[in-house]
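Atoms considered below: every heavy atom in the structure, side chains included; atoms not considered: hydrogens, waters and symmetry mates.
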Amino acid sequence: TDVLSDGLLYDSVAGATVSVNGGPAQAVVPVVVNDGAPNYTQTLTFDIGAVTGALIAGTSITISYQAEVQAVYADPADGAVRASDDLPNTVTSAYDTVQGATACSEGSAASVGIVPLTISKSILNPQPAYGPGDTVTYVLTMNIPSGDTRLIQFSDYFPLPVFKVADIDTIFGTGDIRLGAAHTLGGGFVPLSISVDVAQNALFVQWPDVVSTTGEVIQIEVDVTVTDDPFADDVLLTNLFRAQTANTPGLQATETTPVQIRVRAPELVITKGVLSTGGNGVIAPPAATLPVNGNVTSVDAGDSVTWQVTIENIGGDSAIDVRVTDTPPAGLTSCVLGGVTYGDGSALGSSGDLFTTGLLLAAPLAGNDGNPAGGGAPYGTDTALVTYTCSMAATVAPTQVITNTVTAVYSSVPGGPTFPSISDTATATVRSVSLAKSAVASSEAHTTDSPLRLAVGEVLRYRLAVQVPEGLTADMRVFDV
């Protein structure tokens, strides 16, 4: 006796056969009973002895038949046979033995699983990398080989801060979400609801149940724009697509698949150093070492000092609205902007005031040219050079250190949020007071002064020389002990 669960029906056209010990197949006709409510099973009873006669000890028999998976269950409460449904089948055998045993039985069971659904996620017309303002079109696909499933939900989790679900236009068909090219259920099969969860940065799409006699595909395309919020450059980000469905008994099935994109963003580095001086100051490291990053020592009041600011974009996307501010500290005066150029010397326009509100570069700094890898000289349009000259104030004091700081901010799109400010410093150190003491004369001509040899009672004249740097030297005292 073989019991087929609801969803399976015996194929009487194909019929059934029985073979003994692997021998020729012989037709056998079962008695078929459709059991009806509440289980809606189908019972097949095979009279094997009527075909084979008595079986000797050690005989094996094989019964073969076909059953067809139905599109819908006989039980009207269950509806369609759905993906991932399990259709069990049980068998029992009843027999007597020639030795006199009666009502012997054996049993076994197997099941048929309905093909589960699969999901995939891809990018339409993918690019090697994406930058702020670029639109990424994700393709979300559910393949339903059996043609039937229910309680369908698509969940798409987007990485922050590169994407913001709050920016997605959720009007289906006319907004950022639409049916994909591989969709098979027609234009009338549309979501029941579309929602976003800002806290999870997730998009949720609920669908009607799918009932079909053939395999079907649900596919949508979702447009999402890379945000202009500051984020790190050259990052590989994973976007997760999760689909949930339920089979007939209500068991939830969840599938998850990732897809990755590479994002690029601007990343500026700033370096400030002394390019030259009009006095006898010493620049270290020398200005010939790029980027210019030296400090100057041994300057005096009135000396000119020319500073150079190097701003290089080592990121993969353009830096927009670059604003550089360099407010002269006390000790520097009469500062004058010298020039603003790209790193290759070509003209770069600007507006504003470097020393107060900031100097706004008129054009973007391009993504890094990769020569050399990671940035550095030789520079091109990924770099701006700003030079200006100041005079050391008349009030600078010996050994005073003038620390000069430059800052810059920038965005990834015009008018967008600014990245965290960057800064660098360089210093100018005023020359110290220098002292020299020497013996210049004595009262006795017969003694020598090199080496110095004096007689008892001889009078020696010393010279004390104090060299004071230009500037303001307050309350200077000289002691000779």
Requested in this report: May I ask you to test the Phe163-Val263 pair for a side-chain heavy-atom distance under 4.5 Å?
Outcome: no
Query raised in the report: Is a side-chain N or O of Asp6 found less than 3.5 angstrom from the main chain of Asp75, in a donor-acceptor match?
Result: yes
Query raised in the report: Side chains of Val336 and Ser334: closer than 4.5 Å at any heavy-atom pair?
Result: no
Query - Nearest heavy-atom neighbours spanning Pro329 and Asn404 - result: CD-OD1, 3.6 Å
Requested in this report: Grab the two heavy atoms, one from Gly374 and one from Ile314, that are nearest each other, plus how far apart they are.
Outcome: O-CG2, 3.8 Å
Requested in this report: Output all residues satisfying ring pair (Phe, Tyr, Trp, His ring centres under 6.0 Å) with Tyr379, sequence neighbours left out; order by chain, then residue number.
Outcome: none
Requested in this report: Let me see the working for Thr310 and Leu385 under side-chain contact (heavy atoms from CB on, under 4.5 Å), right down to the final yes or no.
Outcome: CA-CA 5 Å; Thr310 303; Leu385 302 177; 3.5 Å; yes
Query - Any side-chain donor near an acceptor of the partner, Ser346 and Asp344, under 3.5 Å - result: yes
Query - N/O donor-acceptor pair under 3.5 Å between Ser5 side chain and Pro88 backbone - result: yes
Requested in this report: Please report the C-alpha distance between Thr427 and Thr403 in whole Å, then the side-chain angles of each, then the deciding distance to 0.1 Å, and finally whether the side-chain hydrogen bond (donor to acceptor under 3.5 Å, both in side chains) criterion is met.
Outcome: CA-CA 5 Å; Thr427 61; Thr403 301; over 6 Å; no
**Report entry** Asp382: salt bridge (Lys or Arg N to Asp or Glu O under 4.0 Å) partners, not counting sequence neighbours
**Finding:** none
Do any side-chain atoms of residues 167-186 form donor-acceptor pairs under 3.5 angstrom with protein atoms, and if so which ones, sequence neighbours left out?
unit_1 : atom_1 : unit_2 : atom_2 : d
Asp169 : OD1    : Ile171 : N      : 3.1
Asp176 : OD2    : Asp169 : N      : 2.8
Arg178 : NE     : Glu221 : OE1    : 3.1
Arg178 : NH1    : Asp223 : OD2    : 3.0
Arg178 : NH2    : Glu221 : OE1    : 3.4
Arg178 : NH2    : Asp223 : OD1    : 3.0
Arg178 : NH2    : Asp223 : OD2    : 3.2
His183 : ND1    : Gln219 : N      : 3.2
His183 : NE2    : Gly186 : O      : 3.4
Thr184 : OG1    : Glu216 : OE1    : 2.6
Thr184 : OG1    : Val217 : N      : 2.7
Thr184 : OG1    : Val217 : O      : 3.3

**Report entry** Main-chain N/O of Ala80 paired to Asp148 side chain as donor or acceptor, under 3.5 Å
**Finding:** no
Query raised in the report: In Å, rounded to the nearest 0.5 Å, how long is the span from CH2 of Trp307 to OG1 of Thr387?
Result: 13.5 Å
Query raised in the report: Of the options Asn295, Asp326, Thr405, which is the one that meets Lys272 in a side-chain contact (heavy atoms from CB on, under 4.5 Å)?
Result: Asp326
**Report entry** Min side-chain heavy-atom separation Ser318-Ile320 under 4.5 Å
**Finding:** yes
Report task. Run the salt-bridge test on Arg323 and Asp321 with the 4.0 Å N-O cut-off and return the result as yes or no. Result -> no
Query raised in the report: Who pairs with Phe355 by ring pair (Phe, Tyr, Trp, His ring centres under 6.0 Å), at least two apart in sequence or on another chain?
Result: Tyr388
**Report entry** Heavy-atom closest contact (Val299 atom, Gly281 atom, distance)
**Finding:** CG1-CA, 4.1 Å
Query - Under 3.5 Å: donor-acceptor pair, side chain of Thr429, backbone of Thr399 - result: no
Query raised in the report: In Å and rounded to the nearest 0.5 Å, what is the CG to OG distance from Leu240 to Ser155?
Result: 10.5 Å
**Report entry** side chain to side chain contact (heavy atoms under 4.5 Å, CB included) against Ala243, all qualifying residues, sequence neighbours excluded
**Finding:** Ile119, Met142, Phe154, Phe241
Query raised in the report: How about Asn125 and Thr137: do any of their side-chain heavy atoms sit closer than 4.5 Å?
Result: no
Report summary line: Between the SG atom in Cys335 and the CG atom in Leu354, the distance rounded to the nearest 0.5 Å is 8.5 Å
Report summary line: Between Arg264 and the options Asp233, Asp134, Asp317, the salt bridge (charged side-chain N to carboxylate O under 4.0 Å, His left out) test singles out Asp233
Report task. Show the numbers, then the answer: is there a side-chain contact (heavy atoms from CB on, under 4.5 Å) between Asp424 and Asn293? Result -> CA-CA 9 Å; Asp424 193 32; Asn293 193 30; 3.8 Å; yes
**Report entry** Asn89 side-chain N/O to Ala109 backbone N/O, donor-acceptor pair under 3.5 Å
**Finding:** no
Query raised in the report: If every non-hydrogen atom of Leu117 is compared with every non-hydrogen atom of Pro145, which pair is closest and at what distance?
Result: CA-CD, 4.0 Å
Requested in this report: Any chance you could measure Leu151, atom CG, to Asp209, atom CG, to the nearest 0.5 Å?
Outcome: 5.5 Å
Report summary line: Closest non-hydrogen contact found for Gly273 with Ala426 is CA-CB, 4.0 Å
Requested in this report: Kindly say whether Met392 contributes a backbone atom to a donor-acceptor pair with the side chain of Asp303 at under 3.5 angstrom?
Outcome: no
Query raised in the report: Does any non-hydrogen side-chain atom of Tyr73 lie less than 4.5 Å from one of Val81?
Result: yes
Requested in this report: Would you check, one step at a time, whether the test side-chain contact (heavy atoms from CB on, under 4.5 Å) holds for Leu8 with Val69?
Outcome: CA-CA 5 Å; Leu8 290 172; Val69 178; 3.7 Å; yes
Query raised in the report: Applying the side-chain contact (heavy atoms from CB on, under 4.5 Å) test to Leu203, which of Leu140, Val222, Asp197 qualifies?
Result: Val222
Requested in this report: To the nearest 0.5 angstrom, please state how far the CD atom of Glu312 sits from the OG1 atom of Thr383.
Outcome: 4.0 Å
Query raised in the report: Is the closest side-chain heavy-atom distance between Val226 and Val162 below 4.5 Å?
Result: yes
Query raised in the report: Can you list the steps and then say if Cys390 with Val305 is a side-chain contact (heavy atoms from CB on, under 4.5 Å)?
Result: CA-CA 5 Å; Cys390 300; Val305 178; 5.6 Å; no
Requested in this report: Considering non-hydrogen atoms only, spot the tightest contact between Pro230 and Pro161 and give its length.
Outcome: O-CG, 3.8 Å
Query raised in the report: Counting distance only, does the side-chain N/O of Ser412 pair as donor-acceptor with the main-chain N or O of Asp228 below 3.5 Å?
Result: yes
Query raised in the report: Considering only heavy atoms from C-beta outward, does the side chain of Ser298 approach that of Asn280 to under 4.5 Å?
Result: no
Query raised in the report: For Arg82 and Thr149, does a side-chain donor sit closer than 3.5 Å to a side-chain acceptor?
Result: no
Report task. Calculate, to the nearest 0.5 Å, the distance between atoms CD1 and CG belonging to Ile114 and Asn247 respectively. Result -> 10.0 Å
Query raised in the report: Quick one: does Thr257's side chain have a donor or acceptor within less than 3.5 Å of a partner on Ser120's backbone?
Result: no
Query raised in the report: Got a sec, which residues hit side chain to side chain contact (heavy atoms under 4.5 Å, CB included) with Ser108, two or more places apart in sequence or on another chain?
Result: Val91
Requested in this report: Evaluate the ring planes of Tyr410 and Phe419, with Trp represented by its six-membered ring, and classify them as parallel (under 30°), tilted (30 to 60°) or perpendicular (over 60°).
Outcome: parallel
Query raised in the report: Do Arg242 and Thr254 come within less than 4.5 Å of each other through their side chains, counting heavy atoms only?
Result: yes
